[in-house]
2 protein chains.
Amino acid sequence: MRSDTKLDRRSRNNARVTITDLSQALCLTKGTVSRALNGYPDISEATRLRVVRAAQAMGYRPLTHAQAIKTGRSRSIGFVVELSQKDAHRPFLAEFLAGLTQAASYEGWTLTVATSETEADTLKIMRSLVQQQKADGFILPRVLWQDPRIALLSAEKIPFICYGRPKNYENLSYFDIESELSMREAVQHFVDLGHQQIAYIGSATHYAFSHHRRDGYLRGMNEAGLVPDPFLIKEGVVSAEDAAEATRGLLALDEPPTAVLCATDTLARGVYEVANQIGLKIGSEISVIGYDGSPEASAMWPHLSTFSIDNRKAGVALGTMFIDRIREPDAPVVQTLLQSHLCRAGSTGAPVLSPEQLAHRLAPFQGQLIHSHQNSGRER
Amino acid sequence: MRSDTKLDRRSRNNARVTITDLSQALCLTKGTVSRALNGYPDISEATRLRVVRAAQAMGYRPLTHAQAIKTGRSRSIGFVVELSQKDAHRPFLAEFLAGLTQAASYEGWTLTVATSETEADTLKIMRSLVQQQKADGFILPRVLWQDPRIALLSAEKIPFICYGRPKNYENLSYFDIESELSMREAVQHFVDLGHQQIAYIGSATHYAFSHHRRDGYLRGMNEAGLVPDPFLIKEGVVSAEDAAEATRGLLALDEPPTAVLCATDTLARGVYEVANQIGLKIGSEISVIGYDGSPEASAMWPHLSTFSIDNRKAGVALGTMFIDRIREPDAPVVQTLLQSHLCRAGSTGAPVLSPEQLAHRLAPFQGQLIHSHQNSGRER
DNA sequence: TTTGTTGCCGAAACCGGTTTCGGTCCTAAG
DNA sequence: CTTAGGACCGAAACCGGTTTCGGCAACAAA
């Protein structure tokens, strides 16, 4: 009788093996089976092995959300994408998610993705995801220099790992791409090619990475014995359009830069835009380096020299770091840095013009450049 | 006593309101409360309202996975990204996910994302996600012309909604961007500008959209009274590199095309690549149209004319369609089409050269073009 | 032989829900 | 005035797990 209905249910339900099935097959109570599988010390090694083997053989996998209702942990890593800046996430998202889910699924975990419109929204969503036990914690993408998410999660003791290094990162677990060194390398590369007048276009300063990249530029300049001219530094530039505006400002200078270092590939698009409009030859009359290794970089012509970063690997690293943290909440913080490497392409070359010659070359276009303001960057 | 431990637990657990709390506050059993909230007919309207209001007031939200253990439904929509073709998903993923989660979270649902390497892997992962009750069904991105996922899910009666129209879509619920009409429009646009020799570079033919786009091209040609020359059609082109190869083949023809219609923006990159290499002016000597409205399109110079598609909207549509389907499994299929619209940019213009003149112009470069094979497209 | 320990497992409560099954009470028909 | 039938709710089982508690057997020390 009983076994009849059991079988019946089993066959409709796609034959999931439950802990009860397993315990019956082993002539043990389900409590014992559960403790055996979870490595409780009051189970003899012999029966533990017996249980583990049977579970393996019968293909038993516990229902994580059935566990969750008692344990409170749902083995799911939360990921909230904030969409206020439309472009902020696109280039790296797919590969990054791939890495994240790869790490997650390897351990039988799940990735729960949510999106939000505003910062306040993000906090609310994260809180509710945890309360609904839909996430055991979070991976924080694109960490801000002073990140309210970190404040919230720390205060509420919700586990998280940062992708990026914020202002005070001493006691935080993070993974980051080392971009300071990259920017120094970029400056060095420009210098090696013979550039002296090297400009920098930086992204929105509330992002943590903006700080590291700018510092890298500054240190690179110092190391090369160059004094970074404040006029050559545009910070807080958000979009390609803003970057174009910034570029016009740079080219309107008395001594325009022969090389421009951009904090992101998207910003480099702005440089290209202006250069294309006035017929300035990229890679010779002006050189450009970006950062991100995005597909845009190879859509530009000449191809943009940029720092390619392995977002897949970043995802894997962050995923495993997160799971480890949940498993061992009291372990010391883990801080990982990954190097990115420069992909040289056609956008960098020896300067064919000195800054003075460049200025002369640009003279006819001053009308198009003049309307830009000295401080086109938008500070947050 | 009892209430003491209760409070204690509550305060650590971030004060989640459970159904027991609610039932005690209302002096009802939790069974009654549950039935009231789920609209059972054996609950009087008066108490139903009382329960619903109290739930609202106390901020009660049921734990979906606690429900799931009895009901089998976890209110979670599954999304498996296959990464075999690295580039296949990137451009549209972020915005699409945004739409999906927007629709999901609005209804209190969750999005569970997984990735897979191969097709077989995808099927395995989907099956296991359902078995582990981590997904109630799936949104299928990038539907193939003959899609094994559809076969599997149909056979196992797992709910799903397609993003795209496969070969036999009569009885399927789908959402799709109408690209056939777009391609016809593109051809028409070329013709209006004065082009006659119009080539087509199509993407991997196992994708469903490839068929619709190619058919659109063919119909557009017919409508314009032009006979599509088989030599002008390259199908099964996967990457920008392959598209470059295809382009070389096209330009090596006796009567090379003055206009090239590409099934995706990525393929258009290949056309640009070749044009840039041999100094062919895009937008005058040769015109190009892409499809996708990706950021690459505006990274190219001149900007690529392309069809922009609202992936956000697509995500919202698919999400709500999916949830509706779960709620009402026996409802008739829903089939939705969304129009995309052409964003004209610098890559299209009136031809300044006839095909013959173009061939003459290209004569010096035949050496670079000749090594291409007539049939560079890779058929699957 | 008695008395602790210790190792090991069963029994049962529990987690936060859903669902079935009766059992009142009220009402209308006989 | 009975009685059949609904309307409405409580009681309890259930879902698939985890965790606490207690008891039994074996073994060592007294």
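Numbered from 1 within each chain, the chains take letters A, B, ... in sequence-line order. Everything numeric here is computed off the predicted structure, so don't read it as measured data.
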At less than 3.5 Å, do the side-chain atoms of B:Asp42 and the base atoms of D:dC9 form a donor-acceptor pair?
yes
Between A:Lys70 and B:Ala66, just flag the one whose closest nucleotide in DNA chain D comes earlier from the 5' side.
B:Ala66
Taken to the nearest whole Å, CD/A:Gln67 to C1'/C:dG16 is 16 Å
Specify the separation, in whole Å, of atom NE2 of A:His65 and atom P of C:dG17.
14 Å
So B:Met126 and B:Leu152, do their side chains get closer than 4.5 Å, heavy atoms only?
yes
Quick one, which residues of residues 25-33 of chain B touch DNA chain C with a heavy atom under 4.0 Å?
B:Lys30, B:Gly31
Sugar-phosphate, base or nothing in reach of B:Ser44, heavy atoms under 4.0 Å
sugar-phosphate
Hey, is B:Asp176 close enough to B:Arg165 for a salt bridge, meaning N to O under 4.0 Å?
yes
Calculate the interatomic distance between A:Glu45 atom CD and C:dC8 atom P; express it in whole Å.
10 Å
Starting at CD of A:Gln131 and ending at C1' of C:dG16, how long is that distance when rounded to a whole Å?
14 Å
Taking only the side-chain heavy atoms of A:Asn38 (C-beta and beyond), determine which of C:dG17, D:dT18, D:dG17 contains the nearest atom.
D:dT18
What is the distance from atom CG of A:Asn168 to atom CD of A:Glu170, rounded to the nearest 0.5 Å?
5.5 Å
Respond yes when some side-chain nitrogen or oxygen of A:Arg16 is under 4.0 Å from OP1 or OP2 of D:dG17, and no when none is.
yes
Is a side-chain donor-acceptor pair under 3.5 Å present for B:Ser44 with B:Thr47?
yes
So which one's nearest nucleotide on DNA chain C is more toward 5', B:Ile69 or B:Tyr40?
B:Ile69
If you only use heavy atoms from C-beta on, which nucleotide in C:dT19, C:dG16, D:dC9 is closest to the side chain of B:Thr47?
D:dC9
Using whole Å, report how far CD of A:Gln24 lies from P of D:dG16.
11 Å
Pairing of A:Asp136 and A:Arg75 as salt bridge, 4.0 angstrom limit
no
B:Phe175 ring center near B:Tyr163 ring center (under 6.0 Å):
yes
Determine, using ring centers only, whether B:Phe79 and B:Phe322 are less than 6.0 Å apart.
no
Atom-to-atom span, CG of A:Leu63 to P of D:dT18 - whole angstrom
10 Å
Checking B:Asp21 side chain against B:Thr18 main chain: does a donor-acceptor pair fall under 3.5 Å?
yes
A:Glu117 bridged to B:Arg312 by N-O distance under 4.0 Å
yes
Salt bridge check: are A:Arg327 and A:Glu107 linked by an N-O gap of less than 4.0 Å?
yes
So for the helix from C:dT1-D:dA30 to C:dG30-D:dC1, with five pairs setting each end axis, what is the inter-axis angle to 10°?
60°
Could you state the CG-P distance from B:Leu37 to C:dT18, rounded to the nearest angstrom?
8 Å
Donor-acceptor pair under 3.5 Å: do we get one between B:Arg35's side chain and the base of C:dG17?
no
